[in-house]
Amino acid sequence: MPELPEVEVLRRSLEPRLSGRRIERVAIHVRALRAPLARRPLGALAGRRFLHLDRRGKYLLAALEGERTLVVHLGMSGRLTLVPAALPREPHEHLALFLDGGERLRLRDPRRFGLAFVRPTAGVLAAPPLAHLGIEPLGGAFSGDDLARAARGRRCPVKSLLLDAGVVAGIGNIYACEALFRAGLRPDRPVDRISRPRWRRLGETVIAVLEEAIAAGGTTIQDYTDGAGREGLFRVALAVYGRDGEPCPRCGRAIRRVVLAGRGTWYCPGCQR
DNA sequence: CGGTGGACCTGCTGGC
DNA sequence: TGCCAGCAGGTCCACC
């Protein structure tokens with residue numbers, strides 16, 4: 001569900017409400033998400049205060065006192081919200097951190113593709129599964145040149161390159177489709193048939209679409225909300241994603257849906273070559 | 001080695 | 001109305 005913009009909006013919404021707060025109790029209600037929920041390390045978070053929230057790709061990193069970091073990945077359907085502690089537990093609420101001040105941070109995830117685990121703060125970025133992540137597209141260091149470099153020796157469709165977290169971290173299906181539309185590139189164009197200027201343009205559209213989505217509060221299709229339960233508004237700005245049969249906002253031709261590498265893929269056959 | 005397809009889960013929607 | 005197929009924002013792993 002959530003891609004980089006949604007995780008970043010979540011981070012911004014939770015950071016001021018979490019930092020300095022103390023975890024009083026940890027409740028675990030399910031054995032495993034995508035990986036088992038380790039009871040002991042999660043339970044050992046009790047008594048610690050939140051220091052700050054960071055993000056790496058689609059991972060949310062909550063640094064706590066005592067050199068512990070809680071890492072959360074929302075998978076497809078995960079939702080992390082801060083609610084009153086007395087609010088009844090909802091279905092699929094798998095993990096809850098009860099905080100001082102009478103609130104709880106809860107993780108709901110119907111499909112259980114998410115992750116939640118604890119690591120020593122010092123090594124969290126260097127250890128799996130974060131270690132292999134590629135460049136941060138919004139860090140200021142990213143450009144289309146990074147994509148061109150990663151494409152060397154490969155022949156996969158350009159959309160697969162954008163979705164490869166080892167190349168760029170945080171782009172998912174929605175923003176891959178939207179960036180390719182804005183760059184005028186067909187999703188199935190092989191990466192060995194893209195010119196340097198085209199790569200640069202794609203790099204720029206990736207940054208622009210991610211930044212605009214963050215400014216709009218992310219994209220809500222079904223599940224996504226920020227930490228306060230607010231939905232994202234970027235859905236109305238989507239040009240192609242989920243719009244098969246609708247007219248292209250630029251040329252009016254019907255948006256087409258195909259399946260590429262197992263994922264639904266939307267593009268305009270007129271504008272994207 | 002790179003690339004694809006299936007597996008992992010639940011829930012919603014649309015067609016019959 | 002009810003049922004079932006298909007599809008969903010992600011990632012990993014087996015296989016060619």
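The chains referred to below are lettered A, B, ... by the order of the sequence lines, with proteins before strands, and numbering in each begins at 1.
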Q. Can you list the residues that meet the salt bridge (Lys or Arg N to Asp or Glu O under 4.0 Å) rule with A/Arg198, with sequence neighbours excluded?
A. none
Q: Just jot down the side-chain contact (heavy atoms from CB on, under 4.5 Å) partners of A/Asp192, sequence neighbours excluded, or say none.
A: A/Arg155, A/Pro190
Q. Other than A/Leu61, which residues form its hydrophobic cluster under the rule that side-chain heavy atoms must be closer than 4.5 Å?
A. A/Tyr59, A/Val71, A/Leu115, A/Phe117, A/Val124, A/Leu125, A/Leu130, A/Leu133
Q: Could you state the atom-to-atom distance from CG of A/Asp192 to P of B/dG2 in whole Å?
A: 14 Å
Q. If the P atom of B/dC1 is compared with that of C/dT11, how far apart are they to the nearest Å?
A. 22 Å
Q: Take atom CG of A/Leu238 and atom P of C/dG9, then tell me their distance rounded to the nearest Å.
A: 12 Å
Q. Going 5' to 3' along nucleotides 9-16 of chain B, which nucleotides have protein heavy atoms under 4.0 Å from the base (write B), which only from the sugar-phosphate (write S), and which from neither (write -)?
A. BBSS----
Q: Could you pull out all residues at least two apart from A/Arg104 that satisfy salt bridge (Lys or Arg N to Asp or Glu O under 4.0 Å)?
A: A/Glu93
(Q) Output the rounded distance in Å from CG (A/Asp109) to C1' (C/dG10). (A) 11 Å
Q.
Clusters formed by hydrophobic residues whose side-chain heavy atoms approach within less than 4.5 Å: which one holds A/Leu51, and what are its other members?
A. none
Q | Rounded distance in Å - CG (A/Leu115) to C1' (B/dC8) | A | 12 Å
Q: Could you check how far CZ of A/Arg79 sits from C1' of C/dA8, rounded to whole Å?
A: 15 Å
Q) What stems, by residue range, does DNA chain B take part in, given at least 3 consecutive Watson-Crick or G-U pairs under 3.5 Å? A) B:2-8 with C:10-16, B:10-16 with C:2-8
Q. For C/dG9, does either OP1 or OP2 sit under 4.0 Å from a side-chain N or O belonging to A/Tyr241?
A. yes
Q. Residues two or more places apart in sequence or in another chain: which of them pass side-chain contact (heavy atoms from CB on, under 4.5 Å) with A/Asp100?
A. A/Arg21, A/Arg22, A/Glu24, A/Arg49
Q. What integer number of Å spans the P atoms of C/dC7 and B/dG5?
A. 14 Å
Q) Do any pairs count as a ring-ring contact (aromatic ring centres under 6.0 Å, His included) and have a residue in residues 169-204 of chain A, sequence neighbours left out, and if so which ones? A) none
Q) Which part of the nucleic acid does A/Gly114 contact within heavy-atom distance under 4.0 Å: base, sugar-phosphate only, or nothing? A) nothing
Q.
Quick check on the hydrophobic clustering: are A/Ile214 and A/Val209 connected, directly or via other members, by side-chain heavy-atom contacts under 4.5 Å?
A. yes
Q: Could you name each residue pair satisfying ring-ring contact (aromatic ring centres under 6.0 Å, His included) that touches residues 248-273 of chain A, not counting sequence neighbours?
A: A/Tyr241-A/Trp266
Q: Pick base, sugar-phosphate or nothing for A/Arg108, based on heavy-atom distances below 4.0 Å to the nucleic acid.
A: nothing
Q. At their closest point, which heavy atom of A/Leu95 faces which heavy atom of A/Ala116, and how far apart are they?
A. CD2-CB, 4.0 Å
Sort me out a list of protein N/O and nucleotides 11-14 of chain C N/O pairs below 3.5 Å, or just none if empty.
{"unit_1": "C/dT11", "atom_1": "OP1", "unit_2": "A/His73", "atom_2": "NE2", "d": "2.7"}
{"unit_1": "C/dT11", "atom_1": "OP2", "unit_2": "A/Lys58", "atom_2": "NZ", "d": "2.8"}

Q | Gap in Å between the two P atoms, one belonging to C/dA5 and one to B/dA7, rounded | A | 16 Å
Q: Would you mind reading off the distance between A/Arg155 atom CZ and B/dG3 atom P, rounded to a whole angstrom?
A: 9 Å
Q) A/Ile174 CD1 to C/dC7 C1': how many Å, rounded? A) 14 Å
Q.
Please evaluate residues A/Glu204 and A/Arg182 with respect to the criterion side-chain contact (heavy atoms from CB on, under 4.5 Å), reporting the C-alpha separation (whole Å), side-chain torsions for both, the decisive distance (0.1 Å), and the verdict.
A. CA-CA 10 Å; A/Glu204 288 160 14; A/Arg182 293 183 182 207; over 6 Å; no
Q | Pairing residues for A/Arg152 by the side-chain contact (heavy atoms from CB on, under 4.5 Å) criterion, not counting sequence neighbours | A | A/Arg149, A/Arg196
Q: Measure from NZ on A/Lys159 to P on B/dT4 and round the result to the nearest Å.
A: 11 Å
